[in-house]
Number of protein chains: 2
Amino acid sequence: MTEVTNTPNRPVSVVGRIADTLQLLQDSMPIQRRIVRAGDSVYQVGQAFGSLYIVNSGYFKMVNLSGEGREQVVGLYFKGDWLGLDGIATSHYACDAVAMDTGEVWAIRYDALIQAAVRTPALLTVLHETMSRELTREHDSMLSLCTLPADARVAGFLRYWTDALAQRGQRTDQITLRMTRAEIGNYLGMTLESVSRALSRLARGDVIRFTEKGRRDIHIPQVEALTAFIQGATVAPMAGALH
Amino acid sequence: MTEVTNTPNRPVSVVGRIADTLQLLQDSMPIQRRIVRAGDSVYQVGQAFGSLYIVNSGYFKMVNLSGEGREQVVGLYFKGDWLGLDGIATSHYACDAVAMDTGEVWAIRYDALIQAAVRTPALLTVLHETMSRELTREHDSMLSLCTLPADARVAGFLRYWTDALAQRGQRTDQITLRMTRAEIGNYLGMTLESVSRALSRLARGDVIRFTEKGRRDIHIPQVEALTAFIQGATVAPMAGALH
DNA sequence: CGCGTTGTTGAACGACGTCAAACGTTGTGG
DNA sequence: CCACAACGTTTGACGTCGTTCAACAACGCG
């Protein structure tokens, strides 16, 4: 009686994997816990690399800064996700990792991890699978960014968020976005107005519903409707449920 | 008097790093060489994961397929780059890796690599840095995709290609694209017509020049002009050199 | 030589961005 | 408790960048 939606190509219980990983880390190496508040950054671009951070609670975004001031949200991170992997190559973090809410991260020294891996090879497996999964996830982001129209990208964003919660064993019919329309738009490569309009259209088509209090809480009657909307956009753009 | 452009946050000689890595692999574990021809795939999505592939020569693209038939070029790979890292997480490759020209890859078994790493820890460093660099590269792709107008994206693509060649010690003033306009467009999230027009405009502004023979060979008078064009687009869109 | 593939260019359309106005929410200080 | 400001969101009108559709040109190949 697992509560978890069974997504293809994923272990049946992601909850289990995350719990196991956290336990494994805790057992095999020193861990530094750190509480962060909304807006705090776990690390910043250019800072000397030393540690990886595993999200224990809260919601985080990864922001990539270009030299000329353009900035881009390149990833969202939930419990069990790792932060700081981009720093390994150059010994300096390449992004900012920013908390979108109060949360806790576990800092582990990278060198300590490598040393511990000699005695506990499973650590290596975990690290590699994490990085590999991250690569695949970004490939999927690029696919969405490049092939989906704005409305479908927003729908895809909502489904990604609910999937992430579902995999962590939380209720999936109701989500509270920790991001402003501007942040969502940045992440999805569009303006905040487009995000707002897309959400309004999704609500009009009853794919989502706004709760009475606040437009940041979103009720999702059935996830399948979201998925259908995304796919519908690729076949016959805008033919789905809309006014 | 080094021929290599000195990009920030990168070792001075990438040529050296690549050569060292190839040598290290060759010395410490069994390698299976494999010749591929244009259009051949090194591996395909869904195929059981077992090996990583290091590009020894040629040009490769990574293609991500969605269930509903959308497809997206998510990366370009040159000598020294690794293919197959996306397969580690699920034990199945998540993309297609396709040769864009005749080339050679070195196949190494992932399990053999992990075992060899016990005696040669440098192998681990190489693997981790490679994956980390790959993550950063994709963050940069997303930044370009989301924040740059079409013309600048094409300019960025050309600069990425020339940088890759320059880092490998090849001439940088002249490049031969191994991709059709459609492939470039797919990679950059736009149509082939937009790519063609962007190239024409860049040529009109003398940022690039077409060689007399074929529109696939592109001459680049000075890379700085490309860079300036990209940055110009972010500050005052379309204010650069154009008709 | 004829034909398929690839690339270029033009014209019309449409999706999305820009600009602007109005409203709701939250927090702060009088 | 209210007034006010700062911020976030929604919605409309309008402009534009990029797509779509189409015709044509340049190769490469049988």
Side-chain angles (χ1 to χ4, degrees), chain A residues 38-39 70 100-101 144-155 157-158 176-204 208-218 229 232-234 236-240 242-243, chain B residues 38-39 70 100-101 144-158 176-204 208-218 232-234 236-240 242-243:
Chain A
R70 291 140 50 209
M100 300 191 295
D101 198 356
S144 296
L145 279 177
C146 289
T147 66
L148 293 180
D151 286 11
R153 287 212 295 279
V154 173
F157 162 76
L158 292 175
T176 302
L177 299 180
R178 261 77 180 181
M179 310 170 70
T180 65
R181 304 288 189 258
E183 283 177 307
I184 298 172
N186 180 297
Y187 176 56
L188 298 177
M190 57 208 223
T191 61
L192 68 93
E193 291 94 333
S194 290
V195 175
S196 180
R197 277 186 252 268
L199 287 173
S200 296
R201 273 189 291 264
L202 287 172
R204 238 188 309 275
I208 65 171
R209 288 177 198 152
F210 288 111
T211 63
E212 58 283 358
K213 263 290 180 191
R215 279 130 231 75
R216 216 109 155 202
D217 292 334
I218 290 178
F229 185 89
T234 72
M238 308 288 93
L242 63 91
H243 185 56
Chain B
R70 291 138 51 207
M100 299 192 295
D101 197 356
S144 296
L145 279 177
C146 289
T147 65
L148 293 180
D151 286 15
R153 288 213 294 279
V154 173
F157 162 77
L158 293 174
T176 302
L177 299 179
R178 261 75 179 183
M179 309 169 72
T180 65
R181 303 291 191 253
E183 283 177 307
I184 298 172
N186 181 294
Y187 177 56
L188 297 176
M190 55 207 224
T191 61
L192 66 94
E193 292 94 331
S194 291
V195 175
S196 181
R197 278 187 251 271
L199 287 172
S200 296
R201 273 189 291 264
L202 287 173
R204 241 187 309 274
I208 65 171
R209 286 176 199 154
F210 288 111
T211 62
E212 58 283 358
K213 263 294 178 188
R215 277 129 230 76
R216 217 111 155 199
D217 293 334
I218 291 178
T234 73
M238 308 288 91
L242 62 91
H243 185 56

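Proteins get letters first, then strands, A, B, ... in listed order; numbering begins at 1 in each. Worth saying up front: this structure is predicted, and the values here are computed from it rather than measured.
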Quick one: B:Arg204 CZ to C:dT8 P, roughly how many Å, whole number? 11 Å
Kindly say if B:Thr191 contacts the phosphate of D:dG18, meaning a side-chain N or O under 4.0 Å from OP1 or OP2. no
Integer-rounded Å distance: C:dT8 C1' and B:Phe210 CZ: 10 Å
Measure the distance from CD1 on B:Ile218 to C1' on C:dT8 and round it to the nearest whole Å. 14 Å
Rounded to whole Å, please give me the gap between CG in B:Asp151 and P in D:dT16. 16 Å
By nearest heavy atom, map A:Met190 and A:Arg215 onto DNA chain C; which one lands nearer the 5' end? A:Met190
Between D:dC17 (P) and B:Arg153 (CZ): distance, integer Å: 14 Å
Determine the minimum heavy-atom distance between B:Leu145 and B:Leu188, stating which atoms define it. CD2-O, 3.3 Å
Using a cut-off of strictly less than 4.0 Å, decide whether A:Arg216 has a side-chain nitrogen or oxygen near OP1 or OP2 of D:dT9. yes
Confirm from the modelled atom types if B:Arg197 and C:dG10 form a donor-acceptor pair under 3.5 Å, side chain to base only. yes
Distance check, rounded to the nearest 0.5 Å: A:Asp217 atom CG versus A:Phe210 atom CZ? 10.5 Å
Looking only at the side chain of B:Thr180 (C-beta and beyond, no hydrogens), which of the listed nucleotides C:dT9, C:dT6, D:dT10 gets closest? C:dT6
Taking the side chain from A:Arg70 and the backbone from B:Thr147, do they hold a donor-acceptor pair closer than 3.5 Å? no
For B:Leu199, answer base if it contacts any base atom (sugar-phosphate contacts may also be present), sugar-phosphate if it contacts only those atoms, and nothing otherwise; contact means non-hydrogen atoms under 4.0 Å. nothing
Would you tell me if any nitrogen or oxygen in the side chain of A:Arg181 comes within less than 4.0 Å of OP1 or OP2 on D:dC7? no
A:Glu193 CD - D:dC14 P separation (whole Å): 17 Å
Hey, is the main chain of A:Ser196 close enough, under 3.5 Å, to the side chain of A:Ser200 for a donor-acceptor pair? yes
Is the shortest side-chain N/O distance from B:Ser200 to OP1 or OP2 of C:dT9 below 4.0 Å? yes
Heavy-atom pair with the smallest gap, counting every atom of B:Arg216 and B:Met179: NE-O, 3.4 Å
Rounded interatomic separation in angstrom, taking CG from B:Asp217 and P from D:dC27: 12 Å
B:Asn186 CG to C:dG7 P, straight-line distance once rounded to whole Å: 14 Å
Check every atom of C:dC19, D:dT10, C:dG17 against the side chain of A:Ser196 and return the nucleotide holding the closest atom. D:dT10
Which nucleotide in C:dT25, D:dC21, C:dT8 has an atom nearest any side-chain atom of B:Leu192: C:dT8
